[in-house]
Amino acid sequence: MNIQQVEITVKEIAENYSDTAEGGVFGYNGKLNIRPPFQREFVYKDKQRDAVVETIMKGFPLNTMYWSKNSDGTFEVLDGQQRTISICQYVHGAFSVMMDGKPRMFFNLPNDVKERILSYKLMIYVCEGSESEKLDWFRIINIAGEKLTEQELRNAVYTGSWLASAKKYFSKSQCVAYQIGSKYLNGSPIRQDYLETALDWMTDGHIEQYMAEHQNAPNANQLWDYFQQVIGWIERLFPSYRAKLMKGLPWGNYYNKFKGTYFDKDALEAKICALMEDEEVTSQKGIYPYVLTGEEKHLSLRAFTPKQSQLAYHKQKGICPHCKKKFQIEEMEADHIIPWSQGGKTDQENCQMLCRKCNRTKSDN
């Protein structure tokens, strides 16, 4: 990778600054793409934004920024978008900062302060290199102390027509994916959590491979159609919404596995209600995975206490009721005589001690 260190003034970067939403954000007299398709939305809070301007006002050093140089002589911001936008917005009168106890817009500043700001030199590293080199570099770059997420890193490498289309669906603060899926997904669209989740579901975890293969595809309609199918499947199968139990589950994985399986939604709802009332279930978050997969591990069923185990061990005199051999208590494990799935409870009367081998091979039948 070829890297060149340059100094560019605030005046130069803010020249002909423009922000046209979907049309993009540009500075440096139109030569700098401040928000390329791979970049996150503007996420700075007012305090962070103001701190950038105050740093420049006082002449303190600002963190180094990184640009990528294109073959046509233009540039893209790799790292420093938030700081660059903060600077340009202030110079162009978008907000005020406190100076001497008073809010000051740029045009209200004394001339010497304005000149100090405009002549402030920003340290820029301009790089030219391959996609893999950029990805490696991105992994060690911070933006105002916030590391790029894995999906933001991928976006930086696989920028193109597909990504531009995908971000319209999944990466805006009130994007359509958020509008239909926020009840079921964790994270933030602008930090690329929704895009990453949808891709992870559809590709079974092979996100980078898919993005590489579709980098120059005309649109991301396949991903958007898939996402809508997942959300529709959830809502048809579970019409009663329970935020604490449903939000953040790997719904796409369940859709992929069970979309062709018939479920009686009324029977599922009855089962969910019963499980919510079952004192043996210690992880209600696992109720929905359980009713789909039938795997008890999702429920974290209540375990026997050490005292219950000791009482059962002494009652059995250390004998495993299955293999009829005698063991030390640490060689045995507490087990339900009548399994939970058949109505057994985690109480003293239903506790038996089995040797590890027998307990591992024991079935519910």
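Evaluation of the side chain to side chain donor-acceptor pair (under 3.5 Å) rule for Tyr120 yields no partner, not counting sequence neighbours. For Asp347, the side-chain contact (heavy atoms from CB on, under 4.5 Å) partners are Lys345, Glu349, Asn350, not counting sequence neighbours. Considering only residues two or more places apart in sequence or on other chains, Asp72 meets the side chain to side chain donor-acceptor pair (under 3.5 Å) condition with Thr74. Tyr290 is linked by a side chain to side chain donor-acceptor pair (under 3.5 Å) to nothing, counting only residues two or more places apart in sequence or in another chain. For Glu12, the salt bridge (Lys or Arg N to Asp or Glu O under 4.0 Å) criterion is met by no residue, not counting sequence neighbours. Take Ser96 and apply the side-chain contact (heavy atoms from CB on, under 4.5 Å) test, not counting sequence neighbours, and it matches Pro103, Met105. Residues satisfying the side-chain contact (heavy atoms from CB on, under 4.5 Å) criterion with Glu277, sequence neighbours excluded, are absent altogether. Every residue meeting the side-chain contact (heavy atoms from CB on, under 4.5 Å) condition with Ala198, not counting sequence neighbours, appears here in chain and number order: Phe170, Leu223, Phe227.
No donor-acceptor pair under 3.5 Å is formed between the side chain of Thr9 and the backbone N or O of Ser119.
Side-chain contact check for Asp225 and Gln229: no donor-acceptor pair (N or O, by modelled atom type) lies under 3.5 Å.
The salt bridge (charged side-chain N to carboxylate O under 4.0 Å, His left out) contacts involving residues 256-273 comprise Arg242-Glu269, where partners must be two or more places apart or lie in separate chains. For residues 196-205, the pairs satisfying side-chain hydrogen bond (donor to acceptor under 3.5 Å, both in side chains) are Arg154-Glu196, with sequence neighbours left out.
Tested against Tyr125, the residues Tyr66, Phe75, Trp67 include a single ring-ring contact (aromatic ring centres under 6.0 Å, His included) partner, Tyr66.
Cluster note: Ile329 groups with Tyr313, Phe327, Met332, Met353 through ILVMFWY side-chain heavy atoms spaced under 4.5 Å, whether in direct contact or through intervening members.
The pair Arg360-Glu333 meets the salt-bridge criterion, with a side-chain N (NZ, NE, NH1 or NH2) lying under 4.0 Å from an Asp/Glu carboxylate O.
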Side chains of residues 230-240: which donor-acceptor partners sit under 3.5 Å, not counting sequence neighbours?
unit_1 : atom_1 : unit_2 : atom_2 : d
Arg236 : NH1    : Gly232 : O      : 3.4

